[in-house]
Amino acid sequence: MEPLTSRRRFLTIAAVGTTGLAGCASMSRSSAGSVESNAVAQIPETVGLEAILDGLQAPLAVEFAPDADRRYVAERDGRILCHESDGLRDEPVLDLRETIETGGERGLLGVALHPNFADNRRLFVRYSGPLRSGMPEEYSHTFVLAEFEVTDDGTRARPESERSILEIPQPRDLHNAGDLAFGPDGFLYVPVGDSGASPETGWQGPGGGGYGQNVTETLLGSLLRLDVDVDVEERSDGRAYAVPEDNPLVGREGLDEYYAWGFRNPWRLSFDGDDCYVADVGQSSYEEVNLVEKGGNYGWNVREGTHCFNAEDCPDETPSDVRGGEPLLDPIVEYPHETNEDDPVSGVSVIGGSVYRGSTMPDLDGIYVFGDFLPEGRLFAAARPDGDELWPTAALELEDEGALTRTLSFGRDADGEVYVLGSGADGGGLFRVVPAAD
């Protein structure tokens, strides 16, 4: 393996996007060549991680209270912890350990605060629950999106207040995604993995098809967009959510909840203004990050990133009888699993991050900071290019290589500072990305 000091090279389309897979469809993004983005070129070579909270197990999400110096940290085992200025509270905000299913990739996977949380105290969670009555017995578990009411002081969620919003039967305990985020439009965005299954239903391209390409029979392999500000008692269908009228499949063939599709395991999403970033964990060769647009098809499992999957040749759009021949959209970032001299930015599973908008590191302003499950002493930074091309990406070397041995998630506070959740020498923790010491 290369030493860390040699890793700060740039991942461009010249290095990654033309690796010689025969017959791949031409990409909609032009080659970036070896030209470095000015924004990438100015980022710091090294950053530090400041431990905000340690002693955790497997922290997968963090939310920042809008009305107090308080952080809500979701542990995979089912607890939501409350961290305040004077430390971690003894009692969790919510304890679902008797409710959730763990094992495989199951657990408490996501949490989000309502945009008006300071007034309405609405907390949303995404967890893996037991199979519900009427679901296929051979399936693994239930995808559960639920809401809880938090006390006025913001320190406890009332367990009896749970209201199930959406439940999806999951065939396997894999590719569960699980993040939640409210967009600038006030709607709740919910990524759903394909559960690691590839049924022969829906459109089957040369490399496959599966749940990511089936928008009529299942919500798997997708990004959903829901209106959770509804009066359930006034709804004739009994659902705890409404579908925004401008969701892309409303009035068309397909399930109305869809916002985008063609995903494998969309692990972490974030917003920066109107921009929606979704990282999608790859299968065999490539990891990717997508800048998602309404009605976008991101190709899985016909394509993996910009490349054909399990085929020598693949299309760049669906057939004309599949929603009129919609394009298969390229990611903005991809990187390979294999490490070699030309592709120094590599990894095994992408962990989606956030665009930095803080004040402590001005050279990172507007830069998308993300990582890989096996960080090997670095995070990644991608800058928006001037043209329509893959985003140049660089490694941000960590000042203390041992501070982070597993990357699990990211977060951003109201000041725009970026945080990493993962594990290091002192166990699991919440870390703030800070300038390296002089």
Side-chain angles (χ1 to χ4, degrees), residues 8 37-54 56 59-74 83-85 111-113 115 117-118 179-184 189 268-279 289 291 332-333 350-372 375 377-385 391-400 403-404 407-422 424 429-438:
R8 196 176 183 275
S37 161
N38 290 334
V40 171
Q42 71 181 19
I43 69 171
E45 293 191 14
T46 306
V47 297
L49 292 180
E50 177 187 0
I52 304 300
L53 176 60
D54 57 20
L56 304 180
L60 296 185
V62 60
E63 284 285 285
F64 300 87
D67 57 344
D69 183 7
R70 181 179 299 127
R71 289 144 292 281
Y72 299 109
V73 179
H83 181 258
E84 298 175 318
S85 57
V111 59
L113 304 180
F117 177 79
D179 209 0
L180 298 172
F182 281 91
Y189 289 72
R268 309 297 94 174
L269 86 159
S270 64
F271 282 91
D272 181 55
D274 292 330
D275 290 338
C276 178
Y277 295 83
V278 175
V289 178
L291 187 57
I332 57 170
V333 170
V350 65
I351 307 296
S354 296
V355 173
Y356 184 86
R357 295 295 182 186
S359 60
T360 61
M361 305 184 68
D363 286 343
L364 282 181
D365 183 52
I367 300 295
Y368 179 71
V369 179
F370 65 110
D372 190 85
R378 79 257 198 242
L379 302 176
F380 297 148
R384 187 188 298 267
W391 291 22
T393 304
L396 286 172
E397 297 172 15
L398 295 177
E399 183 178 27
D400 178 1
L404 190 67
T407 311
L408 300 177
S409 190
F410 284 79
R412 189 175 75 175
D413 66 19
D415 295 326
E417 301 295 337
V418 171
Y419 295 73
V420 183
L421 298 102
L430 172 67
F431 308 91
R432 182 163 47 213
V433 180
V434 296
D438 294 334

**Request:** Tell me, with the steps shown, if Thr46 and Glu399 meet side chain to side chain contact (heavy atoms under 4.5 Å, CB included).
**Result:** CA-CA 6 Å; Thr46 306; Glu399 183 178 27; 4.0 Å; yes
**Asked** Does a donor on one side chain sit under 3.5 Å from an acceptor on the other, for Asp272 and Tyr277?
**Response** no
**Request:** Kindly write out the residues that satisfy side chain to side chain contact (heavy atoms under 4.5 Å, CB included) with Ser409, not counting sequence neighbours, or none if the list is empty.
**Result:** Arg268, Leu421
**Request:** Just do the side chain to side chain contact (heavy atoms under 4.5 Å, CB included) check on Val111 and Leu180 with the steps written out, would you?
**Result:** CA-CA 6 Å; Val111 59; Leu180 298 172; 5.8 Å; no
**Message:** Holding to side chain to side chain contact (heavy atoms under 4.5 Å, CB included), I want the full list of residues that pass it with Phe271, two or more places apart in sequence or in another chain.
**Reply:** Ala181, Pro184, Tyr189, Leu269, Cys276
**Message:** Among residues at least two apart in sequence or on other chains, which ones pass ring pair (Phe, Tyr, Trp, His ring centres under 6.0 Å) with Phe410?
**Reply:** none
**Message:** My understanding is that only residues two or more places apart in sequence, or in another chain, count here; which of them pass side chain to side chain contact (heavy atoms under 4.5 Å, CB included) with Asp400?
**Reply:** Ala403
**Complete:** Hits for salt bridge (charged side-chain N to carboxylate O under 4.0 Å, His left out) against Asp415, two or more places apart or cross-chain, chain-then-number order -> none
**Asked** If we only count heavy atoms from C-beta on, is the Pro44 to Leu364 side-chain gap below 4.5 Å?
**Response** yes
**Prompt:** How far does CE of Met361 sit from CD of Glu417, to the nearest 0.5 angstrom?
**Reply:** 9.0 Å
**Complete:** Here the pair of heavy atoms bringing Phe431 nearest to Gly422 is CE1-O, 4.0 Å
**Request:** Give a yes or no on whether the ring-centroid distance for Phe64 and Tyr419 is below 6.0 angstrom.
**Result:** yes
**Asked** Is a salt bridge present between Arg432 and Glu50, judged by a nitrogen-to-oxygen distance below 4.0 Å?
**Response** yes
**Message:** Please give me the minimum heavy-atom distance between Arg378 and Ala395, naming the atom from each residue.
**Reply:** CG-CB, 4.1 Å
**Request:** Output yes when a side-chain donor or acceptor of Glu397 lies under 3.5 Å from a complementary backbone atom of Gly377, and no otherwise.
**Result:** no
**Asked** Is there any salt bridge (Lys or Arg N to Asp or Glu O under 4.0 Å) pair reaching into residues 59-73, and which pairs are they, with sequence neighbours excluded?
**Response** Asp67-Arg121, Asp69-Arg71, Arg70-Glu84
**Asked** Nearest 0.5 Å, what's the OG-CD1 distance between Ser354 and Ile367?
**Response** 13.5 Å
**Request:** Return the minimal non-hydrogen interatomic distance between Phe117 and Pro66, and the atom names on each side.
**Result:** CD2-CD, 3.8 Å
**Prompt:** So which heavy atom on Leu291 is nearest to which on Arg384, and how close?
**Reply:** CD2-NH1, 4.0 Å
**Message:** Any side-chain to backbone donor/acceptor pair from Thr393 onto Ala382? Under 3.5 Å, distance only.
**Reply:** no
**Item:** side chain to side chain contact (heavy atoms under 4.5 Å, CB included) assessment of Leu379 paired with Val420
**Value:** CA-CA 10 Å; Leu379 302 176; Val420 183; 4.1 Å; yes
**Asked** So do the side chains of His83 and Leu430 get within less than 4.5 Å of each other, counting heavy atoms only?
**Response** no
**Request:** Would you mind reporting whether Val350 and Phe380 have side-chain heavy atoms less than 4.5 Å apart?
**Result:** no
**Prompt:** Which heavy atom in Val434 sits nearest to a heavy atom in Leu49, and how many Å separate them?
**Reply:** CG2-N, 4.1 Å
**Prompt:** Which atom names give the shortest non-hydrogen contact between Gly429 and Leu56, and what distance separates them?
**Reply:** CA-CD1, 3.9 Å
**Prompt:** After noting the C-alpha distance and the side-chain angles of Leu408 and Ile351, does the key distance pass the side chain to side chain contact (heavy atoms under 4.5 Å, CB included) rule?
**Reply:** CA-CA 7 Å; Leu408 300 177; Ile351 307 296; 5.8 Å; no
